[in-house]
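Order of appearance sets the numbers: ligands from 1, and atoms from 1 within every ligand. Bear in mind the structure is a predicted one, so any value in this text is a computation, not a measurement.
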Amino acid sequence: MPDTLDSSSIHMGSLVCKMVENHLQCIDLHTQEKKHISIDDIVCILPDSSQNQIGYRVLFLQTDSECQRDHARLESIQVASLPSKLLSRYLCTELPHHLNSRRDQKVDIHVVISTLSGTGLAKSIFQNALEPFLFHLGLTDYNVHETQSTHTIMELARLTFLARAKAGVSQTIILLSGDGGLVDLIDVFYNSAETAFVLPNIALIPTGTGNAMANSTGLLSHSTSAFTTLLQGKPVPIPSFSANFSPGARYTTDEGRGRATIGTTPKVYGAVVVSWGIHASLVADSDTAEYRKFGADRFKMAAKELLFPSSGAETHEYNGEIALFKLDQRGKPYVSVIEHSKHMYVLAVLVSSLESNFLISPQSIPLDGQLRLVHFGPIPPEEAMRLMGLAYQGGQHVHEKAVTYTQVEGLRIDFHEADEKWRRVCVDGKIIVVEQGGWVEVRKEPRRLLNLITCVS
Ligand SMILES: Nc1ncnc2c1ncn2[C@@H]1O[C@H](COP(=O)(O)OP(=O)(O)OP(=O)(O)O)[C@@H](O)[C@H]1O
């Protein structure tokens, strides 16, 4: 036996482990192979009584480094005993309600894999981490859906999730996607006229580019967070907003080349952000296969091109009238019109972060349902770059004089732009082009039709 192991070591078969600071240090006595498991990489500990021995199975995520979160594999080791400190933090003896079908209440579990989300790693995250995780939890009775097109999640939502919710079925949808998959579900549920149904639970495993909802609710605070949240989290209703558009509004498709109708009275729902100006333009411009290769850097690259056009053109000033819907101190509604008609950054958010470290709304509390406006008018591009950079430094931009940061109930924009390129609106990553002379009106949505499984309350 190696002399590094002492009497506090843990034995099971040929594997011997002991706690060393923040690690579980294990050695295989046959092969001498060593394994160090960081305590923070442990997802959970399950009671395990296989091979006639009573003990535990430690499930952990094996990552080569922090930046390779997307390549994590779920691994497990079997041990006979563990320190109580570890057990009190990680032992799972019972599945949470949202994963636990009982005789009186069956839970339909669906796994949705958005195959082109982010840099296209959703399927390997399912195969390498989620599938083995569910297996160890004893969960094998679930449906797996892989996206085939941009419409897959909406079709699934309409034909399966919504129909079953209306039929009173409890559902947990484990969604491997970015914000796009989430907003597809939101849009379908809120566009359904009926409200009487069992709220489906969404467990988000972030695989997108921005992952605003996940970044804002702690699902990316550590490599294991999405998995520990699936097991330890509780359902909390997701706040949302509606955006009503003038009748000529259309979705853009096919990297901005195509158009798709939204309806004669176009209405789109979101749970993250609605924007116009630089933000909407950079999301639209960077949503191409070419840009997507760069992950979240695509946003910065597109921002740079918009602020400092390579054609040598001036930075665009966005022309339109913006009215803010607000409540006074007594809760009475009033309208405040932004004085100037030229704008650069116009964004209303329900979440704090739009991507990792991009703290656009530092006062937002997860799922608090408050819509906050971030706005600045035309300024030199270097200054705009500096302000956006401050958002990466803990949301410092909101203290700048040029920036308006305020709570709103909604807003209306009347677009005064001749070129449709500058009439693009972003709702949770989707791009909507408004017709000349068109408008958008955004309001907080009073209904709550979907839950997020979360550890924040
Ligand atoms: N098989 C597929 N074929 C075509 N489009 C797909 C397919 N799978 C997913 N998509 C589309 O790819 C996009 C992925 O969106 P998602 O939000 O998951 O990732 P993201 O845009 O990289 O992340 P985020 O929204 O967090 O920045 C969606 O528009 C979705 O409809």
Ignoring hydrogens, tell whether any protein atom lies closer than 4.0 Å to atom 4 (C) of ligand 1; use the non-hydrogen atoms only. yes
Would you please say whether a donor-acceptor pair under 3.5 Å links the side chains of S149 and H151? no
Could you check whether Q370 and S364, counting side-chain N and O atoms only, form a donor-acceptor pair closer than 3.5 Å? no
Hey, does [X] come in under 3.5 Å of ligand 1, counting only N/O atoms on both sides?
X	result
G180	yes
G118	yes
A212	no

Salt bridge or not between [X] and [Y]? Use side-chain N to carboxylate O under 4.0 Å.
X	Y	result
R386	E383	yes
E420	R259	yes
K430	D428	no

If you define the side chain from C-beta out and look only at heavy atoms, does anything of N100 sit under 4.5 Å from V107? no
Is K444 close to P239 at the side-chain level, that is, under 4.5 Å between some pair of heavy atoms? no
For H97, does the NE2 atom have more than 12 heavy-atom neighbours from other residues, nucleotides or ligands under 6.0 Å away? no
Do other residues, nucleotides or ligands put more than 12 heavy atoms under 6.0 Å from K300 NZ? yes
Any atoms of ligand 1 less than 4.0 Å from a non-hydrogen atom of [X]? List them with their elements.
X	answer
Q148	1 (N), 2 (C), 3 (N)
S117	14 (C), 16 (P), 18 (O), 19 (O), 22 (O)
T147	1 (N), 7 (C), 8 (N), 9 (C)
T209	20 (P), 22 (O), 23 (O), 24 (P), 26 (O), 27 (O)

Within the 4.0 Å heavy-atom cut-off, what S177 brings close to ligand 1 is both
What part of R292, side chain, backbone, both or neither, has a heavy atom within less than 4.0 angstrom of ligand 1? side chain
Please state which option from L204, N211, T150, V183 has its nearest heavy atom closest to atom 11 (C) of ligand 1. T150
Give me the residue, atom name and distance of the protein heavy atom closest to [atom].
atom	value
atom 25 (O) of ligand 1	D179 N, 3.3 Å
atom 27 (O) of ligand 1	G210 N, 2.8 Å
atom 12 (O) of ligand 1	L116 CB, 4.1 Å
atom 18 (O) of ligand 1	G178 N, 2.8 Å
atom 9 (C) of ligand 1	S114 OG, 3.3 Å

Check the pair R89 / D40 against salt bridge (charged side-chain N to carboxylate O under 4.0 Å, His left out), numbers first and verdict last. CA-CA 11 Å; R89 184 164 159 197; D40 290 338; 3.3 Å; yes
